[in-house]
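In what follows, every chain begins at residue 1, and chains take the letters A, B, ... in the order their sequences are listed. We use all heavy atoms of the structure for the numbers below, so side chains are in, but hydrogens, waters and symmetry mates are not.
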Amino acid sequence: MTRYNPREAEPKWQSAWDACDAFKAIGPSASNDKPKYYVLEMFPYPSGRIHVGHSRNYTMGDVVARYKRARGFDVLHPMGWDAFGLPAENAARDRGVHPGAWTHDNIDAMRGQLQRLGLALDWSREIATCDPSYYRHQQAIFLKLMERGLLHRKTAKVNWDPVDQTVLANEQVIDGRGWRSGALVVQRELDQWFFKITEYADELTDALDELDRWPDKVRTMQSNWIGRSRGAEVSFPLTDTGLADQFGATIDVFTTRPDTLFGASFLALAPDHPIVKALAADDPEIDRFMRECARMGTTAEEIEKAPKRGVDLGITVRHPFDKNWELPVWSANFVLSGYGTGAIFGSPAGDQRDLDFARKYDLAVQPVVLPPEASADTHVIEDEAYTGPGTIYNSRFLDGLSTVDALERAITELESLGLGKGATSYRLRDWLVSRQRYWGCPIPVIHCADCGVVPVPEDQLPVVLPEDVTFDHPSNPLERHPTWKNADCPSCGKAARRETDTLDTFVCSSWYFLRFTSPWAEDTPFLASDAEHWMPVDQYVGGIEHAILHLLYARFFTRALNDAGLMNMKSGEPFAGLFTQGMVTHETYKSAEGKWLSPEEVDLRKERAVELATGKPVSVGAIEKMSKSKKNVVDLDAFIESYGADAVRWFVLSDSPPERDVEYTDSGVEGVWRFVQRLWTTVTSLPDTAPGPLTVASDATGPALDIRRAAHKTLHAVTDAIEGFRFNSAVAQVHDLVNVLRKFEPADQTGIAAKAEALGILVRIIAPFVPHLAEESWERLGGEGLVIDAAWPEVDTGLLVEDSVTLPVQVNGKRRTEITAPKGAAQDVVQDMVMADQTVQRALEGLTVRKVIVVPDRIVNIVAG
RNA sequence: GCGGGCGUGGCGGAAUCGGUAGACGCAGCAGACUUAAAAUCUGUCGACCGCAAGGUCGUGCCGGUUCAAGUCCGGCCGCCCGCACCA
């Protein structure tokens, strides 16, 4: 018995695939009549080396790519590198290597690893975002979108990461900390570039409904992130004409509840509202309040604990529906300057925060919504606001209307008074893309003292990063470069200053999937014809951590580029199908000194885990996602060296559903190794005299027919499982078939033919999962050519139908026995069989049969009492 | 607080439409082969009662619908994820 040796087989088959450009996508051409299929995994950041954790993502995409290829699709399955980013600069600082050299070394190492995994990738389309040939187009896109009015530059309070010395987008601040550094983010005023993603807020929200092959979770998260709420903008006229001259005649607020306007008892402005700032200049108390609020932390905890606080600004406004009704204006710490208009009207009976505030400062609480089944005489608001629907009362012309109708009525009235209108507000902010970093795409503009911001002319692109930079200081090397930032103004020709900020790396990943459709395009970011042919991505695979950031930006970009005329996509949505895969987890280990240890530094065979180098005890910690920082990673090359690429692929798809995490265990890997060998011995157990793997043993009977049935049943189930992204189920089904096949000893030539047919099916359906083993087996079985060129087998549906079925028989819902009946037997026939059964008769002793339920070919239930 | 998800053997999980709960894998146990071990192979493996045949219980908890509930409905409990003073 020969063992299967992946070390020999895997490189052999990888070369065979390369030799025939097997995975090169064809694309739009007159002679190509295959339907297209674009499958993409979120491209990696070249951080160093690939570990088993990363491989799960690529393996899943690869299964889909290989399966679709076998089903006759022209598959586009490309790979590239999200190559700009901070770690390269950190490496430059720590080790004195240039970020570009470090990045390219990593890319080379990781490309080799991915190739050894045997991925069916079209490497001819490989791109790296740090290449000028890529980012020159990004600069062109930037200028194009600027022309379209989708970019603006403004002085804004921004999230500043003091450790990374750069600004962060709102999406990159998690619990008040930088998403990479974990440092507490501080607010700073800076001149920055923003993409006007908010202009697409409605489209991006509405189109979520069409994304029926996206996880609901991700759609919900995006919807919440955009946070569209409909309501009204309401203008409250200032009573003080002096202030009105200074700030405009009214203070405008956004509300979702104009129906509760008659419950208003105050206005509250954000502490950094312009009016508050102006009043603070003359009022020390307001000034103190403002400063205290500015010091307030932004972490979830601090916000949670912060009590409602405010200060009376000493000014008043008129109620829009009654010019004789004056309301006091306060500043309150719970009003956010960044949302709506930075001002609210307080309607304490219908809003918990307003109520808390009103109780604290002794402001009026007037209920205006009567809950269903409550009485106007007895309904009172104590410490809990009523936010639900009901009937409006205490509200003059709105009295008696439902909350829904009153809302419309109030807006109509506001509009006729010229004091408000229906309005929509969003939680989404514009996307801040300026970064004070070297290793990113330079922003292609020049700042001229006379002409202001001037775009770099298209023929001067790309603006290439200078090579000679130093990293001896945490600030931006481009800022400190002696000459690079000097440039002549393209408009007036005078000496001017080049923009030294670079683009957020999320810009790079917002259109790379378009570049993949035609990476050879020189004059445009991509060719419209290719983009229109391949887009949208049919199946996108990546981690849930990108549910908001990357996926939202990419959706915005695709729409913006489509609208800018770079292509003409029907839907504007880049990813028709999205799958968010779970991670590979592993135990964590800490040495006696409290340092993280990698699995190979730990001896687990003893009763108590010890550190191999020192013999000291090791504490075994939580099972967590494989990550370099916790050292709980298993290197891909080491794994492939011992078990082979197919074993990694099979392992990361086994056991756990793809969307859930899978735990890496040595015993699990042993199991995979056993399976690989078992499969190989099953294949090699077929005598040399057997017919080829495309045999159809149509004259098989008895056990040989059972084998055929089993193979076709598995084929059916595995096909279904792949289509439904249930790879763990596919794995289980394959195990099942192998178990049946290895026990089957053919009695004659027909039996051998049946086994050959079954093995032929088996090998083709495992090919997307363990492609090298499949090729080796295909060759051994005498298959022609490569198994990747063999079509996906056709299910013989006749073999799925059994002649007879086993029916469980229940008495009063409890299973008592089972009978074997002919498939499709008539109800009365089955009933007679059941009633004649001895076990059934025993179970029915002393009982009267009231009803017999026969569900054809499924179950029988006798109701008796 | 709001939104979403999950809860099944010792473990990962299966049961896709309301129809035999525990497929498949891991671990365990017993046996075969072996001087021995590893590897491999065979059997067994939810709990309880029973020599067995068989029976009772069993999918987080309580209740409901149904001939029939892991699956549907109502109410709890626990865990995970996202958002969070968003007017």
Side-chain angles (χ1 to χ4, degrees), chain A residues 1 3 174-175 215-225 227-229 231 234 253-257 260 268 270 296 300 302-304 306-308 332-336 338-347 350-354 356-357 387 425-428 544-545 547-548 650-651 654-657 659-663 665-675 677-678 681 717 720-721 724 726 728-739 742-743 806-818 839 842 850-855 857-864:
Chain A
M1 184 187 77
R3 290 200 130 200
I174 293 144
D175 286 345
D216 288 343
K217 183 189 171 80
V218 176
R219 291 199 282 177
T220 309
M221 280 166 75
Q222 291 221 348
S223 174
N224 290 344
W225 186 266
R228 175 165 67 190
S229 44
V234 186
V253 306
F254 175 75
T255 179
T256 54
R257 297 295 303 275
T260 64
M296 248 297 292
E302 283 173 289
I303 290 167
E304 185 94 27
K308 303 274 173 289
N333 63 343
F334 64 90
V335 182
L336 308 172
Y339 185 77
T341 60
I344 62 154
F345 82 85
S347 193
D351 182 288
Q352 193 57 47
R353 287 158 310 176
D354 296 350
D356 294 345
F357 192 78
T387 56
S425 194
Y426 304 91
R427 210 191 76 104
L428 182 71
I544 186 76
E545 68 273 20
I548 295 167
W650 194 253
F651 177 80
S654 298
D655 291 346
S656 283
E659 67 277 11
R660 260 190 251 175
D661 290 349
V662 63
E663 192 197 342
T665 59
D666 289 333
S667 55
V669 174
E670 295 294 333
V672 168
W673 177 250
R674 261 200 301 272
F675 166 76
Q677 293 304 333
R678 225 178 260 173
T681 41
D720 232 41
R726 292 187 311 273
N728 57 323
S729 287
V731 165
Q733 292 291 340
V734 168
H735 269 287
D736 236 353
L737 180 60
V738 172
N739 286 343
R742 58 203 281 262
K743 282 174 191 154
T806 306
L807 294 175
V809 180
Q810 297 178 334
V811 176
N812 291 329
K814 281 194 171 72
R815 182 182 171 281
R816 287 298 169 210
T817 186
E818 56 189 31
T839 317
R842 215 181 317 136
R850 299 199 203 285
K851 200 173 169 190
V852 179
I853 294 152
V854 178
V855 183
D857 298 338
R858 290 217 92 137
I859 201 165
V860 179
N861 191 12
I862 302 164
V863 186

Atom P, compared across B/G74 and B/G4: separation rounded to whole Å: 13 Å
Nucleotide of B/A87, B/G82, B/G25 approaching A/Met221 most closely (side-chain heavy atoms): B/G82
Taking only nitrogen or oxygen atoms into account, show me every contact under 3.5 Å that the protein makes with nucleotides 14-18 of chain B, one pair per line with its distance.
residue : atom : partner  : partner atom : Å
B/A14   : OP1  : A/Asn728 : ND2          : 3.3
B/U16   : N3   : A/Arg726 : NH2          : 2.5
B/U16   : O4   : A/Arg726 : NH2          : 2.5

Same-atom distance (P) from B/C45 to B/A53, integer angstrom: 12 Å
Integer-rounded Å distance: B/U20 C1' and A/Ile862 CD1: 15 Å
Closest-nucleotide ordering on RNA chain B, the 5'-leading residue of A/Asp216 and A/Asp354: A/Asp216
Touch class at under 4.0 angstrom, heavy-atom based, for A/Arg816 against every strand present: sugar-phosphate
Conformer about C1'-N of B/C45 - syn within 90° of 0, anti elsewhere: anti
Sugar-phosphate, base or nothing in reach of A/Gln810, heavy atoms under 4.0 Å: base
Heavy-atom closest pair, residues A/Asp354 and A/Ile344: OD1-CD1, 3.6 Å
A/Arg427 side chain near B/A84 phosphate (N/O to OP1/OP2, under 4.0 Å): yes
Atom pair distance, as rounded to whole Å: CG in A/Asp661 and P in B/G5: 18 Å
Sugar-phosphate only, base, or nothing, as touched by A/Ser654 at under 4.0 Å among non-hydrogen atoms: nothing
Nearest-angstrom distance from the residue atom CD1 of A/Ile544 to P of B/C83: 11 Å
Sugar-phosphate only, base, or nothing, as touched by A/Gly671 at under 4.0 Å among non-hydrogen atoms: sugar-phosphate
Candidates B/C85, B/C24, B/G19 - which lies nearest the side chain of A/Lys308: B/C85
Identity of whatever pairs with B/C67 - Watson-Crick or G-U, under 3.5 angstrom: B/G19
A/Asp351 CG to B/C2 P, straight-line distance once rounded to whole Å: 14 Å
Atom C1', compared across B/G22 and B/U71: separation rounded to whole Å: 15 Å
Out of B/A27, B/C85, B/U20, whichever nucleotide has its closest atom nearest the side chain of A/Ser667: B/A27
Base-pairing mate for B/C61 - Watson-Crick or G-U, with both contacts under 3.5 Å: B/G75
Below 3.5 Å between N/O atoms, which protein atoms pair up with nucleotides 39-46 of chain B? Just atom names and distances, please.
residue : atom : partner  : partner atom : Å
B/C41   : OP1  : A/Arg742 : NH2          : 2.5

Presence of A/Arg815 side-chain N/O under 4.0 Å of B/G19 phosphate oxygens OP1/OP2: no
Non-neighbouring partners of A/Ser223 that pass side-chain hydrogen bond (donor to acceptor under 3.5 Å, both in side chains), sequence neighbours left out: none
In B/G50, glycosidic geometry as syn within 90° of 0 or anti otherwise: anti
Spacing between A/Glu663 atom CD and B/G12 atom C1', to the nearest angstrom: 8 Å
Residue pair A/Phe651 / A/Val669: nearest heavy atoms and the distance that separates them: CE1-N, 3.9 Å
Side-chain-base donor-acceptor pair under 3.5 Å for A/Asn861 and B/C67: yes
Results of side-chain hydrogen bond (donor to acceptor under 3.5 Å, both in side chains) for A/Arg726 - residues two or more places apart only: none
Among B/A87, B/G55, B/U20, the one nearest A/Tyr339 by side-chain distance: B/A87
Exceeds 12 heavy-atom contacts within 6.0 angstrom, atom CZ of A/Arg858: no
Exercise: identify the closest heavy-atom pair between A/Ser229 and A/Phe254: O-CZ, 3.5 Å
Whole angstrom value for the distance that separates C1' of B/G19 from NZ of A/Lys814: 16 Å
Phosphate-side-chain proximity, A/Ser229 and B/A87, N/O vs OP1/OP2 below 4.0 Å: yes
Touch class at under 4.0 angstrom, heavy-atom based, for A/Val852 against every strand present: nothing
Length of the line joining A/Ile853:CD1 and B/C67:C1', which is rounded to integer Å: 3 Å
For A/Asp356, all residues meeting side-chain hydrogen bond (donor to acceptor under 3.5 Å, both in side chains), sequence neighbours excluded: A/Gln352
Separation between the P atoms of B/G5 and B/G55, rounded to whole Å: 40 Å
Euclidean distance, atom CD of residue A/Glu659 to atom P of B/C6 [Å, nearest integer]: 10 Å
Heavy-atom closest pair, residues A/Ile544 and A/Val218: CD1-CG2, 3.7 Å
Separation between the C1' atoms of B/A27 and B/C79, rounded to whole Å: 25 Å
Separation of the C1' atoms in B/U56 and B/C62, to the nearest angstrom: 22 Å
Validation row: A/Val854, A/Val860 side chains within 4.5 angstrom (heavy atoms): yes
Nearest-neighbour nucleotide for the A/Asp736 side chain, B/U20, B/A87, B/C24 considered: B/C24
Contacts of type side-chain hydrogen bond (donor to acceptor under 3.5 Å, both in side chains), residue A/Gln677, not counting sequence neighbours: none
Face-on cation placement of A/Lys308 at A/Phe334 ring, 6.0 Å and 45° thresholds: yes
Selected nucleotide, minimal atom distance to A/Asn224 side chain, candidates B/C26, B/U20, B/G3: B/G3
Any A/Asn812 side-chain heavy atom under 4.5 Å of A/Lys814 side chain: no
Any-strand Watson-Crick or G-U partner of B/G31, both distances under 3.5 Å: B/C41
Selection from B/A87, B/G19, B/C67 that lies nearest to any side-chain heavy atom of A/Val863: B/C67
Euclidean distance for C1', B/A47 against B/U59 (whole angstrom): 14 Å
Point-to-point distance, once rounded to the nearest 0.5 Å, from CD1 of A/Ile859 to CD of A/Glu818: 11.0 Å
Paired nucleotide for B/C2 [Watson-Crick or G-U wobble; both distances under 3.5 Å]: B/G82
P spacing across the pair B/G9 / B/A23, given as an integer number of angstrom: 13 Å
A/Lys217 or A/Thr665, whichever maps to the more 5' nucleotide of RNA chain B: A/Thr665
